[in-house]
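Comments concern the structure below.
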Protein chains: 2
Amino acid sequence: MNPAHHADRLIRKLETLAALSDEEKEALGSLPMSVKVFGADQDIVREGDCPVECCLVLEGMVFRYLMLDDGRRQIMGFYIPGDIPDLQSLHIKIMDHSVGTLVTTIVGLIPHQSLNNLNARYPRIANALWRDTIVDAAMFRLWMVGLGRKSAHERIAHLFCELLMRFKAVGIAKDALTCEFPMTQTELGDALGLSTVHVNRVVQDLRADGLINLRGSSLHINDWERLQQRAKFNPTYLHLEGRGAAE
Amino acid sequence: MNPAHHADRLIRKLETLAALSDEEKEALGSLPMSVKVFGADQDIVREGDCPVECCLVLEGMVFRYLMLDDGRRQIMGFYIPGDIPDLQSLHIKIMDHSVGTLVTTIVGLIPHQSLNNLNARYPRIANALWRDTIVDAAMFRLWMVGLGRKSAHERIAHLFCELLMRFKAVGIAKDALTCEFPMTQTELGDALGLSTVHVNRVVQDLRADGLINLRGSSLHINDWERLQQRAKFNPTYLHLEGRGAAE
DNA sequence: CGATTCATTGAGACCAGTCAACTGGCGTGG
DNA sequence: CCACGCCAGTTGACTGGTCTCAATGAATCG
């Protein structure tokens, strides 16, 4: 990937959150960024760390998670190119959870200081980033609704819907109904509060009903309407405001 | 309550998030605020609303929640005096969930415009508020861990721990081991993804084990150490940084 | 080709849900 | 002042969705 394109990922993402002037885009483009490649299943930051830079996902996919003492794991969100999963570290020194990779992932590390300078100079960018943390929180809340009150079928279908829409919003879905899905059923289970075995059975149900096609690390949705109904999916919470929304 | 004290609630809360200068406190103190009283079980804002003011809780207790079509409800967080449960509406126009009262509650309504002016003039206040939304998100994530990976006993014990610490942080716990707890077992269940019946049985267990004393709307913790262990409670995520921490 | 990882399948157990009934306190109105 | 209704809490019996344990395929890789 061409270095000039690194910031494009970020600009594209922030444009789903707020309008940006040319000057602001230029400022984003000149952010210092050191590019780093992580293999699959590696931690980018760990619980207890006190990072001095934020990590922008350029290629690949990462997730935030927390381990309990006895080995139980809860995955709290998946992040795709354009996302900054540890943006919060700008304001909270100590990490209360870890960020790990699903697959080989390229990230751009941006010093906190550079981001703080940018925020001081361009309040609208600061607001867009604040907005990002708010949309992030909205995703957590919806995820909570799934974990607390939805069936396994609804939860899994919902995650499929959410990820496709987010890929489309930043323009990196394979097509209108297809996107990357590079995670194992164990990871799916840890994200949705289910056992691997049960995830397997439910995914088979969804396949048998002709709703999805999940082969390797690619997700294709055969019947968006019915999948959305099955998931009780309502995309309001993504706050995309028409930019990149499906349908 | 004396009007002069209204802003004190907010100042006290923001001081758990960042240090404030006298000038900043004064600016907070002169925020316009219209005081309003809501009865129990009333909605302050509803899903779909586009509020033009934020609501600061002065007395009482509120919660954020979402209803599914079939009547299932998920409560996504409880808010106590000093909290601004709909702070996000400053940056996201449409509410993707509702905010309701548990008991009679007094709130101060602050126009978005006043908050935006304040943020523009005092970047440190803006940062403190941003920080608040981040800590809020951290609570959601921990709640997710509970919903996805913890047993009913752990979840309920965890909520008891969290609420006591938050009450203590803003100085309105009754004493070091006692605080308000004005919610029914049905509400507890909707928050923790459990049925009312099961909440009842678990609360009885915790009582029988001598860990807590839950009478009427008052929670007293008999054995903080053991309750914390039972909950696997780790207060890092509240990011109180020593201010108001228990022990 | 052995090793490893992921997906799949079956059998049985259990945590938590559902349904239904009953208690007790509290406020209201006759 | 008592009868009544209502709501939160409690209890029992039964159900069921999901988990655990364990074994087997299938695919990938050095």
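The chains referred to below are lettered A, B, ... by the order of the sequence lines, with proteins before strands, and numbering in each begins at 1. Owing to the predicted nature of the structure, the values given are computational and were not obtained by experimental measurement.
Between the side chains of B:Tyr79 and B:Asp86, not a single donor N or O lies within less than 3.5 Å of an accepting N or O. A donor-acceptor pair shorter than 3.5 Å can be found between the side chains of A:Asp175 and A:Thr178.
At a threshold of 4.5 Å between non-hydrogen side-chain atoms, the residues B:Gln228 and B:Pro235 count as touching. Contact of the B:Met95 side chain with the B:Gln88 side chain is registered, since non-hydrogen atoms from C-beta on lie closer than 4.5 Å. Contact check for A:His153 versus A:Asp205: side-chain heavy atoms found under the 4.5 Å cut-off.
Under the 30°/60° scheme for interplanar angles, the aromatic rings of A:Phe233 and A:Tyr237 are found to stand perpendicular.
The distance from atom CG of A:Leu192 to atom P of D:dG17 is 18 Å, rounded to the nearest whole Å. Summarising the geometry, the separation between CD on A:Glu154 and C1' on D:dT18 is reported as 15 Å, rounded to the nearest angstrom. Nucleotide D:dC19 holds its P atom 13 Å from the CG atom of A:Leu188, rounded to whole Å. When the C1' atom of C:dG25 is taken as reference, atom CZ of B:Arg215 falls 15 Å away, rounded to whole Å.
Proximity of the aromatic rings of B:Phe160 and B:Phe181 is defined here by a centroid distance below 6.0 angstrom, and this criterion is met.
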*Which nucleotides of nucleotides 23-30 of chain D have their base under 4.0 Å from a protein heavy atom (B), which only their sugar-phosphate (S), and which neither (-), written as one string 5' to 3'?*
--------

_Summary of protein contacts for nucleotides 5-21 of chain C, nucleotide by nucleotide, where a base hit scores B, a sugar-phosphate-only hit scores S (4.0 Å, heavy atoms)_ = -SSBBBB----BSBB--

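Sorted by first and then second residue, the pairs that involve residues 210-223 of chain B and meet salt bridge (Lys or Arg N to Asp or Glu O under 4.0 Å), not counting sequence neighbours, are B:Asp223-B:Arg226.
With sequence neighbours left out, A:Thr236 forms a side chain to side chain donor-acceptor pair (under 3.5 Å) with A:Asn234. B:Asp41 is linked by a side-chain contact (heavy atoms from CB on, under 4.5 Å) to B:Glu187, counting only residues two or more places apart in sequence or in another chain.
Between its two ends, the helix from C:dC1-D:dG30 to C:dG30-D:dC1 turns its axis by 30°, counting five pairs per end and rounding to 10 degrees.
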